[in-house]
Amino acid sequence: MSNQPLPSPTQDFSAWYNDIVYRADLCDQSPVRGCIIIKPYGYEIWEGIKGALDMRFKATGHVNAYFPLFIPMSYLQREAQHVEGFSPELAIVTIGGGETLAEPLVVRPTSETIIGESFAKWIQSYRDLPLLMNQWANVVRWEMRTRPFLRTAEFLWQEGHTAHATHDEAEEETLQMLDVYADVAVNVAAIPVIKGLKAESEKFAGALRTYSIEAMMGDKKALQSGTSHNLGQNFAKAFNIQYLDRSNQLQHCWTTSWGLSTRMVGAVIMAHGDEKGLRLPPKLAPHQVVIVPIYKTDDEKSGVMAAVESIKKQLVSGNIRVWVDRREDLSPGFKYNDWEMRGVPVRLEVGPKDVANNVVMAARRDMGKEGKRSLPQENLAASVSALLDEIQANLLAQATAFRDANIFDVKTYDELKQVVEAGGFARGWYAGDSSDDKRIKNDTQATHRCFPLEQPGGGGECLLTGKQAEKLALFAKAY
RNA sequence: CGGGGCGUAGCGAAGCUUGGUAUCGCGUUCGGUUUGGGACCGAGAGGUCGUGGGUUCAAAUCCCGCCGCCCCGACCA
């Protein structure tokens with residue numbers, strides 16, 4: 001809590017973000033470099049994301065399990081690209097119980113290897129397939145530079161791991177889970193995303209193909225918000241994940257993995273926040289409605305609080321998450337600003353005048369003071385529910401309009417450079433390879449985000465090489 | 001690991017150039033008045049000045065070493 005204004009998001013997005021995560025009470029600094037303490041208010045947002053995902057995982061036939069935090073070093077080494085991709089950022093335990101370990105244990109950066117080892121044991125026959133599993137876990141990646149929620153040395157996520165009989169089934173699973181991520185991003189977090197295929201230079205170490213959902217943040221930079229990998233038979237071969245098919249032939253499985261992390265909390269902040277603070281989509285807001293009681297005298301207080309209680313009860317029975325701000329000695333004005341900082345979608349003000357007229361004053365976080373209006377106390381749960389739906393839709397509409405206004409079609413490398421310089425996503429026909437991706441990154445700081453799955457068809461001249469290109473690619477500066 | 005900056009009360013800062021025993025704002029505690037868009041008055045509590053050494057009668061201040069953090073790059077969900 002503080003009474004100073006936030007840094008302007010348009011002038012210094014980075015400072016704005018840094019301030020908001022602490023002032024909205026989402027997290028605290030930790031004594032360990034690169035880690036954060038996720039505070040209850042921030043954790044509840046994650047729980048919202050988690051619940052939405054878990055429900056969808058179950059609905060698509062997946063079950064949860066839990067694998068060890070420690071992974072034998074030799075496991076990672078079994079898949080060459082995988083260990084190469086992760087070795088710079090591993091935390092490794094070499095001592096246990098005061099003794100030097102015979103084999104160092106890696107603190108998991110991801111669990112393909114240790115889960116692959118189990119899958120090999122559990123899968124014998126085509127009857128065991130598909131195997132559809134997920135785990136909720138923490139992972140550690142020793143990042144050079146960290147930012148709260150967006151990139152921390154330790155983060156929370158889910159990692160799905162599945163095994164299938166054929167390439168096509170694995171591909172179908174990979175794309176299905178990408179759809180689940182997009183569904184949660186769009187319909188729960190109100191963040192429009194672009195589903196796409198990662199270029200070779202950006203794919204997961206050890207994957208056949210990586211897909212991602214890419215979102216645009218308030219500073220027009222891209223944020224990879226969820227990834228889904230078709231691992232081919234790479235891990236199946238490294239870990240002997242095999243099954244006997246219907247004709248009694250031993251076959252390697254086709255595996256997938258997919259993950260979405262607490263980074264999504266950062267996406268919510270950066271996609272929706274404004275100069276007054278956080279703006280939470282109602283479906284994720286820990287408090288969908290906050291009630292601020294207003295009174296001067298004890299008489300007024302008892303009348304107001306009685307009304308507040310009955311309003312609260314009404315809303316709770318309508319399945320609305322309500323919080324009553326009972327703090328004494330804080331002015332209503334202070335509370336308005338405080339809850340605006342914390343992004344609560346709807347604020348209800350209840351004072352003596354409202355009690356007398358059987359109404360409440362309702363303010364929407366997605367609109368300014370002009371959005372304030374009086375609502376009858378009668379049927380309030382229904383009218384507030386409708387309001388929450390409107391806010392959810394409006395946040396998505398605003399973020400979508402912003403994103404669409406900042407994606408630009410480019411035909412030449414110069415045009416791409418101009419777009420990246422000015423801010424935004426550049427989209428154009430592209431036939432470059434990994435070294436071309438690298439060149440673009442060196443020249444412009446923009447990375448090849450993906451080949452969007454939605455393609456217009458046909459083809460065009462590659463913006464960089466001039467070769468015939470079959471796909472449009474997306475380039476942007478990214479987190 | 002390169003380039004920049006910073007460590008002084010819970011938070012944010014001033015003081016350092018020119019050494020003299022620590023100041024301000026916010027928060028916090030107590031009392032009172034307030035409360036429909038960031039209230040006010042009064043009285044308190046709270047600091048090994050990141051750390052180790054050196055110079056000096058005297059160090060937050062000057063000198064040397066170390067540690068940590070932040071920002072900008074390279075690396076990444």
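When heavy atoms are screened at a 4.0 angstrom cut-off, Glu340(A) is found touching base atoms of the nucleic acid. When heavy atoms are screened at a 4.0 angstrom cut-off, Leu150(A) is found touching base atoms of the nucleic acid. Counting non-hydrogen atoms under 4.0 angstrom, Arg347(A) reaches a base of the nucleic acid. Lys335(A) comes within contact range of no nucleotide atom at all, as no heavy-atom separation falls under 4.0 Å. Within 4.0 Å (heavy atoms only), Asn18(A) reaches sugar-phosphate atoms of the nucleic acid but no base atom. When heavy atoms are screened at a 4.0 angstrom cut-off, Gly259(A) is found touching no nucleic acid atom at all. Base contact: Glu349(A) has a heavy atom under 4.0 Å from a base atom.
Partner assigned to G27(B) is none, using Watson-Crick or G-U wobble distances below 3.5 angstrom. Both distances falling under 3.5 Å, in either a Watson-Crick or a G-U wobble arrangement, occur for no nucleotide opposite G46(B). With a 3.5 Å ceiling on both atom-pair distances, the Watson-Crick or G-U wobble partner of C6(B) is G68(B). Across all strands shown, nothing is found opposite C75(B) as a Watson-Crick or G-U wobble partner with both distances under 3.5 Å. Under the Watson-Crick or G-U wobble criterion, with both distances below 3.5 Å, C57(B) is paired with G20(B). The nucleotide G37(B) finds no pairing partner, because no Watson-Crick or G-U wobble arrangement with both distances shorter than 3.5 Å includes it.
In this structure, Glu454(A) does not pair ionically with Lys195(A), as no charged nitrogen and carboxylate oxygen lie closer than 4.0 Å. Salt bridge annotation for Glu340(A)-Arg342(A): absent, with no cationic side-chain nitrogen under 4.0 angstrom from a carboxylate oxygen.
A cation-pi arrangement is absent between Arg23(A) and Trp16(A), since the terminal nitrogen or guanidinium carbon is not both under 6.0 Å from the aromatic centre and inside a 45° cone about the axis. A cation-pi arrangement is absent between Arg108(A) and Phe70(A), since the terminal nitrogen or guanidinium carbon is not both under 6.0 Å from the aromatic centre and inside a 45° cone about the axis.
The side chain of Pro332(A) sits closest to G36(B) out of C75(B), G36(B), G37(B). For Phe334(A), whose side chain is taken as the heavy atoms from C-beta onward, the closest listed nucleotide among A39(B), C75(B), G37(B) is A39(B). Comparing C76(B), U34(B), G36(B) by their closest approach to the side chain of Asp329(A) singles out U34(B). Nearest to the side-chain atoms of Arg33(A) among the listed nucleotides C75(B), C69(B), G38(B) stands C69(B). Comparing atom distances between the Arg151(A) side chain and each of A39(B), G36(B), C76(B) picks out C76(B) as nearest. Distances from the side chain of Ser331(A) to the nucleotides A39(B), G36(B), C75(B) place A39(B) closest. The side chain of Glu143(A) lies closest to C75(B) when the candidates are G36(B), C75(B), G38(B). For Lys372(A), taking side-chain heavy atoms from C-beta onward, the closest of the listed nucleotides C75(B), A39(B), G37(B) is G37(B).
For G38(B), its base never sits under 3.5 Å from the side chain of Asp338(A) at any donor and acceptor pair.
Aromatic rings of Tyr430(A) and His448(A) (six-membered ring for Trp) have centroids within the 6.0 Å cut-off, being under it.
Rounded to whole angstrom, the span from the CZ atom of Phe149(A) across to the C1' atom of C76(B) amounts to 19 Å. Taking atom CD of residue Gln445(A) and atom P of nucleotide A74(B), one finds them 6 Å apart after rounding to whole Å.
Atom CD of Glu309(A) has more than 12 heavy atoms from other residues, nucleotides or ligands within 6.0 Å.
Taking every heavy atom of residues 265-303 of chain A and every atom of RNA chain B, pairs under 4.0 Å involve Ile294(A), Tyr295(A), Lys296(A), by number.
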